[in-house]
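Just follow the structure's listing: the first ligand is 1, and inside any ligand the first atom is 1.
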Amino acid sequence: SGEDFGYDGSIGPSYWGERYRECAGKHQSPININLLHVKQVSLPEITFIGFDDSIDNVHVTNNGHTVLIEVMNEPHPRVRGGPLDGDYVFSQMHFHWGDNDTFGSEDKINHRSFPMELHMVFYKEAYKTMAEAVKHSDGLTVLAFFYELDRHQHPAYDDITIALANVTEPHTSVIMDHPFSFLNILPYDLTRYFTYRGSLTTPPCSEVVIWLDFEQPIRLTHEQIEAFRELRSAHGKITHNFRPIQPIGDRVVFYNID
Ligand code: SG4
Ligand code: ZN
């Protein structure tokens with residue numbers, strides 16, 4: 001079906017490289033992070049700007065591949081520091097998950113999968129727009145967070161769960177009915193993370209992403225993760241939307257601790 005991609009059959013990840021040349025590149029994401037091979041570093045502190053703001057007019061959209069959370073009002077949250085040169089402006093966040101709680105994350109740690117992963121996508125301010133940023137090798141940074149299971153509900157995810165129930169059909173959108181804060185949905189420790197150079201994990205798989213994978217997972221209940229599996233694409237329920245791991249090649253993964 002035209003420019004479409006998916007996660008199964010003849011439009012699945014093993015065929016992406018035929019239509020999107022960069023998907024067959026040598027610096028692709030996701031990867032397995034082998035803890036024996038990471039290079040320990042102490043990078044400058046990351047500054048998270050606007051992450052504790054209470055944000056109104058947040059849109060939640062089922063784009064047929066995942067659910068996107070977008071901020072409509074200016075200024076957008078931003079990040080600087082760590083491995084980053086300059087400021088990066090928030091574009092959107094979205095999620096990847098699996099058919100059940102034993103897999104679904106994109107990156108893995110020592111071949112361990114997590115049931116879900118959050119990607120917060122930012123573009124380099126110097127490039128002015130997302131469209132321009134994706135043409136440069138340092139154009140984007142994605143802050144990635146793993147989820148793990150908890151018996152207790154995470155209250156900050158209630159508004160997301162409600163929104164999900166209203167965007168089960170592809171190409172539908174709602175506005176969150178309460179203000180939204182980035183910090184509330186993130187783990188407590190934002191100092192320990194892995195960082196490496198990679199790509200978008202969907203076509204066109206552009207090799208333009210500075211990945212930051214935070215070590216501390218976010219804890220949700222099985223039911224909270226299950227709500228994502230109710231979303232639908234044009235081909236039925238989005239039961240899974242993660243790309244398999246790609247060769248690490250000549251790349252080094254850095255592990256930042258204080
Ligand atoms: C998802 O398909 C998002 O819907 C895309 O966002 C996103 O593309 C794509 O994943 C790849 O992003 O962090 N997983 S990833 O590498 O952010 C971009 C939109 O289509 C460019 C807006
Ligand atoms: Zn993603």
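- When each of Tyr147, Phe146, Phe145 is checked for a ring pair (Phe, Tyr, Trp, His ring centres under 6.0 Å) with Phe114, only Phe146 meets the rule.
- Among all protein heavy atoms, the one lying closest to atom 17 (O) of ligand 1 is Gln92 NE2, 2.7 Å.
- Residue contact check for ligand 1: Trp211 places a non-hydrogen atom closer than 4.0 Å to it.
- The proximity of Leu200 to ligand 1, defined as any non-hydrogen pair under 4.0 Å, involves the side chain as well as the backbone.
- Salt-bridge formation is not detected for the pair Lys26/Asp250: no Lys NZ or Arg NE/NH1/NH2 atom is positioned less than 4.0 Å from an Asp or Glu carboxylate oxygen.
- Between the NE2 atom of His94 and the NE2 atom of His96, the angle taken at the Zn ion (ligand 2) works out to 110° after rounding to 10°.
- Within the 4.5 Å cutoff, the side chain of Val67 has heavy atoms near those of the Phe228 side chain.
- With hydrogens left out, the protein atom closest to atom 16 (O) of ligand 1 is Thr201 N, 2.9 Å, a heavy atom.
- Contact annotation for Leu68 and ligand 1: only side-chain heavy atoms (C-beta onward) come within less than 4.0 Å of the ligand.
- Outside the 6.0 Å centre-distance limit, the rings of Phe48 and Phe182 are not counted as a close aromatic pair.
- Salt bridge status for Glu148 with Arg112: present, with a side-chain N to carboxylate O gap under 4.0 Å.
- At a threshold of 4.0 Å, the pair Asp99-Arg229 does not count as salt-bridged, since none of the basic side-chain nitrogens sits closer than that to a carboxylate oxygen.
- Contacts between Leu140 and ligand 1 below 4.0 angstrom, taking non-hydrogen atoms only, are absent altogether.
- Atoms of ligand 1 found under 4.0 Å from any heavy atom of His96, numbered from 1 in the order shown, are 14 (N).
- When you scan the N, O or S atoms of His119 for the one nearest the Zn ion (ligand 2), you land on ND1.
- Here the heavy atom of the protein found nearest to atom 9 (C) of ligand 1 is Thr202 OG1, 3.2 Å.
- For Thr66, no nitrogen or oxygen atom sits less than 3.5 Å from a nitrogen or oxygen atom of ligand 1, counting backbone and side chain alike.
- Partner Phe242 forms a ring pair (Phe, Tyr, Trp, His ring centres under 6.0 Å) with one of Trp97, Phe103, Phe95, Tyr7 and no other, that one being Phe103.
- When only non-hydrogen protein atoms are considered, atom 4 (O) of ligand 1 lies nearest to Asn63 ND2, 2.7 Å.
- Atom numbering of ligand 1 starts at 1 in the shown order; those under 4.0 Å from a heavy atom of Met130 are 21 (C).
- Ranking the protein heavy atoms by distance from atom 12 (O) of ligand 1 puts His94 CE1, 3.6 Å first.
- A salt bridge is absent between Lys128 and Glu125; no separation between the charged side-chain nitrogens and carboxylate oxygens falls under 4.0 Å.
- No side-chain heavy atom of Ile160 sits less than 4.5 Å from a side-chain heavy atom of Gln224.
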